[in-house]
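A note on names: the letters A, B, ... follow the listed sequences, proteins ahead of strands, and every chain is numbered from 1.
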Protein chains: 2
Amino acid sequence: MATILVVDDEPRIVQLVRDYLEHGGFTVLTAADGPAALRTARTGRPDLVVLDLSLPGLDGLDVARSLRREGEVPIIMLTARTEESDKLVGLELGADDYLTKPFSPKELVARVRAVLRRADAASTPSEVIRVGTDVELDVPRMEARFGGRRVDLTKSEFQIVSAMARQPGRVFTRSQLLDAVRGVAFESYERAIDAHIKNIRKKVGQQYIETVFGVGYRFVEPAER
Amino acid sequence: MATILVVDDEPRIVQLVRDYLEHGGFTVLTAADGPAALRTARTGRPDLVVLDLSLPGLDGLDVARSLRREGEVPIIMLTARTEESDKLVGLELGADDYLTKPFSPKELVARVRAVLRRADAASTPSEVIRVGTDVELDVPRMEARFGGRRVDLTKSEFQIVSAMARQPGRVFTRSQLLDAVRGVAFESYERAIDAHIKNIRKKVGQQYIETVFGVGYRFVEPAER
DNA sequence: GGGAGTTGTGAGGGATTTGTGAATGACCTA
DNA sequence: TAGGTCATTCACAAATCCCTCACAACTCCC
């Protein structure tokens with residue numbers, strides 16, 4: 001069955017959680033601080049991490065961030081307080097669920113099961129944007145293919161391209177494209193978009209993005225290429 | 001930003017979803033049962049509704065149906081089981097997307113964004129001006145078609161042509177056409193319009209724009225061609 | 001047909017807009 | 001801390017477009 005890594009500096013809690021999880025049929029790894037957690041995660045490859053936010057030394061947030069960088073492992077956060085700030089950072093890091101202390105171990109086990117089920121069913125129907133036969137943008141994976149060739153785009157580049165490719169042929173103003181990059185059109189120099197367009201063209205080829213003088217840019221429809 | 005109404009009778013789920021959505025920049029309204037949902041939808045005018053299919057009392061399906069009757073609001077369904085029947089009725093009611101429980105809040109937020117994006121794109125009815133069978137001006141795309149052939153017009157040219165094509169047969173003075181080009185009729189040489197007309201005619205053909213001596217120009221009605 | 005006024009048109013100046021390489025600074029990583 | 005990536009900004013070159021001008025062609029009215 002699944003392996004769970006429990007990270008907390010209070011031995012009492014670790015023990016309690018371990019008992020419940022093992023009784024529930026899980027294999028349990030434990031760690032008492034950040035560095036140990038990262039080491040164990042690397043070697044033990046857990047299917048899920050239960051992580052206390054307040055750790056001595058390396059902070060729980062740093063641990064979460066490092067874990068995220070290294071892989072896709074789901075994380076359940078334990079926060080000592082209901083404080084807004086804690087929730088916020090937890091969410092920012094994309095925790096899959098959170099529990100505030102004190103919590104019921106039974107509930108924790110239930111949440112672990114739920115998150116694992118989700119992660120499993122995370123048959124995330126990958127949203128793929130296709131334009132004609134030779135352009136393919138896998139949005140959740142941020143993967144782009146142009147004419148069969150895989151192209152590495154940065155985050156901003158990918159967002160600009162996907163915004164345009166969703167409605168090929170339509171003209172987008174620089175301001176609209178800025179919206180696509182930052183959540184909301186931050187006050188920002190519109191010509192930053194020009195720089196991105198230049199870089200995108202260099203990577204994917206000139207034929208995909210057309211300049212509409214005095215207005216903006218558009219993704220060329222396949223029929224016209 | 002957008003307002004989302006979350007309807008579910010499990011407070012924990014409502015809380016989790018609310019946290020994630022608010023963190024994502026959305027304003028969140030909540031309701032725990034059908035009647036409350038309808039009331040809140042009426043007063044709060046949400047941009048999207050996240051709706052649990054299994055509600056106590058008034059059923060989720062009824063709520064969806066009522067929402068549909070009252071407006072255009074997009075709906076994301078939450079269904080408890082993966083049962084085919086649930087999916088079917090949900091989609092039948094025109095749910096814009098659905099998620100089966102347990103779901104990842106992160107994924108829900110992603111779906112919310114996707115549905116809003118779609119709804120937004122759809123509500124921008126691509127305004128198309130048609131004159132007869134052979135002239136088509138797609139305004140947001142700044143695309144012109146004359147007799148089946150796609151014609152590239154500059155911004156000013158496109159604005160002049162669409163102003164005239166909106167009311168075929170009507171005569172426009174040069175001053176009125178200048179208004180169409182610059183936002184307001186700037187003091188400017190009216191004969192600049194002549195130059196544009198010349199260029200437009202060269203691109204689309206002579207038969208579409210007629211000169212009205214001493215007055216201005218007009219877009220020829222199809223019957224006269 | 002003649003003349004006055006109006007429109008068609010080609011060409012070029014000049015303003016605006018875009019392309020682009022390089023510099024800067026933020027952020028992350030080793 | 002040093003090095004890398006990336007987003008942004010800047011400055012200048014290049015491209016594009018709008019407007020104007022000058023003159024030819026046309027229309028209308030007498």
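- For the 3.5 Å distance criterion, the side chains of A:T40 and A:R45 fail to qualify, holding no donor opposite an acceptor.
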B:T211 and B:R201: side chain to side chain donor-acceptor pair (under 3.5 Å), yes or no, with the steps?
CA-CA 11 Å; B:T211 304; B:R201 282 174 170 160; 2.8 Å; yes
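- The OH atom of A:Y189 sits 7 Å away from the C1' atom of D:dC10 (whole-angstrom rounding).
- Residues forming a side chain to side chain donor-acceptor pair (under 3.5 Å) with B:R149 (at least two apart in sequence, or on another chain): none.
- Remark: P of D:dT8 and CG of A:L178 are 7 Å apart, rounded to the nearest angstrom.
- For residues 134-156 of chain B, the pairs satisfying ring pair (Phe, Tyr, Trp, His ring centres under 6.0 Å) are B:F146-B:Y208, with sequence neighbours left out.
- If you take CG of B:L153 and P of D:dC17, they are 11 Å apart, rounded to a whole angstrom.
- Residues satisfying the salt bridge (charged side-chain N to carboxylate O under 4.0 Å, His left out) test with B:R166, not counting sequence neighbours, are B:E127.
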So what is the 5' to 3' dot-bracket string for DNA chain D, if pairs are Watson-Crick or G-U wobble with both distances under 3.5 Å, crossing pairs use [ ] and | means the partner sits on another strand?
||||||||||||||||||||||||||||||
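- Remark: A:R145 pairs with A:E136 by the salt bridge (charged side-chain N to carboxylate O under 4.0 Å, His left out) rule, at least two apart or across chains.
- The stretch residues 158-170 of chain B does not touch DNA chain D, since none of its heavy atoms comes less than 4.0 Å from the strand.
- Residues satisfying the side chain to side chain donor-acceptor pair (under 3.5 Å) test with A:R18, not counting sequence neighbours, are A:E22.
- The side chain of B:H196 places an N or O atom within less than 4.0 Å of a non-bridging phosphate oxygen (OP1 or OP2) of D:dC19.
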Nucleotide by nucleotide, 5' to 3', does protein get under 4.0 Å of the base (B), only the sugar-phosphate (S), or neither (-) in nucleotides 4-14 of chain C, counting heavy atoms?
-BSBBBB----
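- B:R218 pairs by the salt bridge (charged side-chain N to carboxylate O under 4.0 Å, His left out) definition with B:E210, B:E224, not counting sequence neighbours.
- Every residue two or more places apart in sequence or in another chain that forms a side chain to side chain contact (heavy atoms under 4.5 Å, CB included) with A:T173 is listed here: A:S175, A:Q176.
- We find that NZ of B:K155 is positioned 10 Å from C1' of C:dT17, with the value rounded to whole Å.
- A sub-4.0 Å separation between OP1 or OP2 of D:dT5 and a side-chain N or O of A:T154 is absent.
- Atom CG of A:N199 is separated from atom P of D:dT9 by 14 Å (rounded to the nearest Å).
- Residues satisfying the side chain to side chain donor-acceptor pair (under 3.5 Å) criterion with A:K203, sequence neighbours excluded, are A:E157.
- Scored by the salt bridge (charged side-chain N to carboxylate O under 4.0 Å, His left out) test, A:D19 finds no partners at all (sequence neighbours excluded).
- With rounding to whole Å, A:M142 atom CE is found 9 Å from D:dC6 atom P.
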